[in-house]
Amino acid sequence: MKKNIIYGKNPVQNTILHFSHEIKEIYIQKGFAFDNEVFNVIKNNNIKWTSLEKQEFNNLIQEKINHQGIFAEIKDYKYSDLKDIISKNETKSTILVLDRIQDPNNFGAIIRTATLFGVNGIIILDHNQVEVTPAVIKASAGTIYNIAIVKVSNLSNALNTLKSYGYWTYCSNISDESQDITKIAFDNKSAIILGNEGEGVMKKLISQSDFNFIIPTNNTIDSLNVSVATGIILFARSLNE
């Protein structure tokens, strides 16, 4: 399979409609039909597309994925700089800080949710963290280009930078000392930290945070899925706006 691809009807067509300049070439399985609006964009922007028989299409994509009869080769994804997301909104801003998220479906779902709630940017580590991959793009439903993603070598340093620009930091952390999220009054400039699926947030980041919070549940299981938690947290954050 080609290195830089997006696949699935919605992710590919959303990218064509809103970020056609990121598309290098589109491949479809014979029998697949573009939506009229999408096909007009392809024609007007002279985007190369190729129709293939099922076997030839499967041979090209190689992996067993839910491609829905379409995939597109895209340009290399360009990560943003930290200064770019800080300067986007000087008085009101929400930034997500992700600590070692491993699952591409979780990362993609977080990106999608963050886009819907108008998050200004997402900060991730440049190691021990899933990067922007075809699976992440698919899970994000093609919203990957709607939000800035920053890679840093040290999350603690990134938090210090955010604090120097007036951000208050909030950490999702299951502990007896954590406050109920419904009692948290998020500041206009908020950095929200979410942790690894198994280990949660690193202790250093927990101690560095201004507030630690918990989403109250009936504790039937240990914790919520991180992407589900993100939706709840961002909704709670939106109530302060």
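With sequence neighbours excluded, the residues that form a ring-ring contact (aromatic ring centres under 6.0 Å, His included) with Y170 are F186, F211. Not counting sequence neighbours, the partners of K48 by the salt bridge (Lys or Arg N to Asp or Glu O under 4.0 Å) test are E25. For E199, the side-chain hydrogen bond (donor to acceptor under 3.5 Å, both in side chains) partners are R100, not counting sequence neighbours. Listed by chain and number, the residues in a side-chain hydrogen bond (donor to acceptor under 3.5 Å, both in side chains) with T169 are D210 (sequence neighbours excluded). Listed by chain and residue number, F117, T230, L234 satisfy the side chain to side chain contact (heavy atoms under 4.5 Å, CB included) test with T113 (two or more places apart in sequence, or in another chain). For the ring-ring contact (aromatic ring centres under 6.0 Å, His included) test, no residue two or more places apart in sequence or in another chain qualifies with F235. Considering only residues two or more places apart in sequence or on other chains, K204 meets the salt bridge (Lys or Arg N to Asp or Glu O under 4.0 Å) condition with none of them. Taking N106 as the reference, I101, D103, E197, N225, V226, S227 meet the side chain to side chain contact (heavy atoms under 4.5 Å, CB included) condition, with sequence neighbours excluded.
Applying the salt bridge (Lys or Arg N to Asp or Glu O under 4.0 Å) definition to pairs two or more places apart or across chains, those involving residues 114-134 are E131-K151. Listed by first and then second residue, the salt bridge (Lys or Arg N to Asp or Glu O under 4.0 Å) pairs that reach into residues 165-181 come to none, sequence neighbours excluded. For residues 135-157, the set of pairs meeting the ring-ring contact (aromatic ring centres under 6.0 Å, His included) definition, not counting sequence neighbours, comprises F19-Y145.
Summarising the geometry of G121 relative to I85, their closest heavy-atom pair is CA-CG2, 4.0 Å, with the distance given to 0.1 Å. Closest approach of L125 and S153 over heavy atoms only: CD2-O, 3.7 Å. Across C171 and I206, no two heavy atoms sit closer than the pair SG-CG1, 3.9 Å. Contact record, N146 with G142: OD1-O, 3.9 Å, taken as the closest heavy-atom pair. Residues A135 and P104 share a closest heavy-atom pair of CB-CB, 3.9 Å. Of all heavy-atom pairs spanning S20 and I47, the tightest one is CB-CD1, 3.9 Å.
Rounded to the nearest 0.5 Å, atoms CZ (R237) and OG1 (T94) are 3.5 Å apart. Rounding to the nearest 0.5 angstrom, the gap separating the CD1 atom in I16 from the CD1 atom in I74 is 11.5 Å. In this structure, CG in N10 is found 11.0 Å from OG in S140, a value given to the nearest 0.5 Å. Interatomic distance, K92 NZ to K189 NZ, rounded to the nearest 0.5 Å: 13.0 Å. Between the CD1 atom in I95 and the CD1 atom in I147 there is a gap of 9.5 Å [rounded to 0.5 Å]. I232 CD1 to L224 CG: the interatomic distance, rounded to the nearest 0.5 Å, is 5.0 Å.
In this structure, L194 and I233 have side chains that are in contact, with non-hydrogen atoms separated by less than 4.5 Å. Side-chain contact check for D99 versus N196: every heavy-atom pair is 4.5 Å or farther apart. Residues F107 and I124 form a side-chain contact, since some pair of their non-hydrogen atoms from C-beta on lies under 4.5 Å apart. You'll find the side chain of I23 reaches within 4.5 Å of the side chain of T15, heavy atoms only. Between L162 and L159, some side-chain heavy-atom pair lies under the 4.5 Å cut-off. Annotation: side chain of N58 is in contact with side chain of H67 (closest heavy-atom distance under 4.5 Å). Side chains of V201 and N173 form no contact here, defined as non-hydrogen atoms less than 4.5 Å apart. Contact annotation: the side chain of V132 approaches that of I137 to within less than 4.5 Å [non-hydrogen atoms, C-beta and beyond].
Judged by distance alone, the side chains of N160 and Q208 do bring a donor and an acceptor atom under 3.5 Å apart.
Taken together through direct or relayed side-chain contacts under 4.5 Å among Ile, Leu, Val, Met, Phe, Trp and Tyr, L155 and Y165 form part of one hydrophobic cluster. By the rule that hydrophobic residues join a cluster once side-chain heavy atoms approach within less than 4.5 Å of another member, L239 and V119 end up as members of one cluster.
K75 contributes no side-chain N or O that, together with a main-chain N or O of N4, makes up a donor-acceptor pair within less than 3.5 Å. When atom types are taken as modelled, the side chain of Q68 and the backbone of K9 share a donor-acceptor pair closer than 3.5 angstrom.
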Chi angles and distances behind the side chain to side chain contact (heavy atoms under 4.5 Å, CB included) call for N157, V152: CA-CA 9 Å; N157 290 344; V152 299; over 6 Å; no
Working for side chain to side chain contact (heavy atoms under 4.5 Å, CB included), residues Y167 and S190: CA-CA 5 Å; Y167 283 81; S190 297; 5.7 Å; no
Donor-acceptor contacts under 3.5 Å from residues 30-41 side chains, at least two apart:
from: K30; atom 1: NZ; to: E53; atom 2: OE2; distance (Å): 3.2
from: D35; atom 1: OD2; to: Q13; atom 2: NE2; distance (Å): 3.0
from: N40; atom 1: ND2; to: N36; atom 2: O; distance (Å): 3.3

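Applying side chain to side chain contact (heavy atoms under 4.5 Å, CB included) to L96 and the options I122, I149, I123, N120 leaves one that passes, I122.
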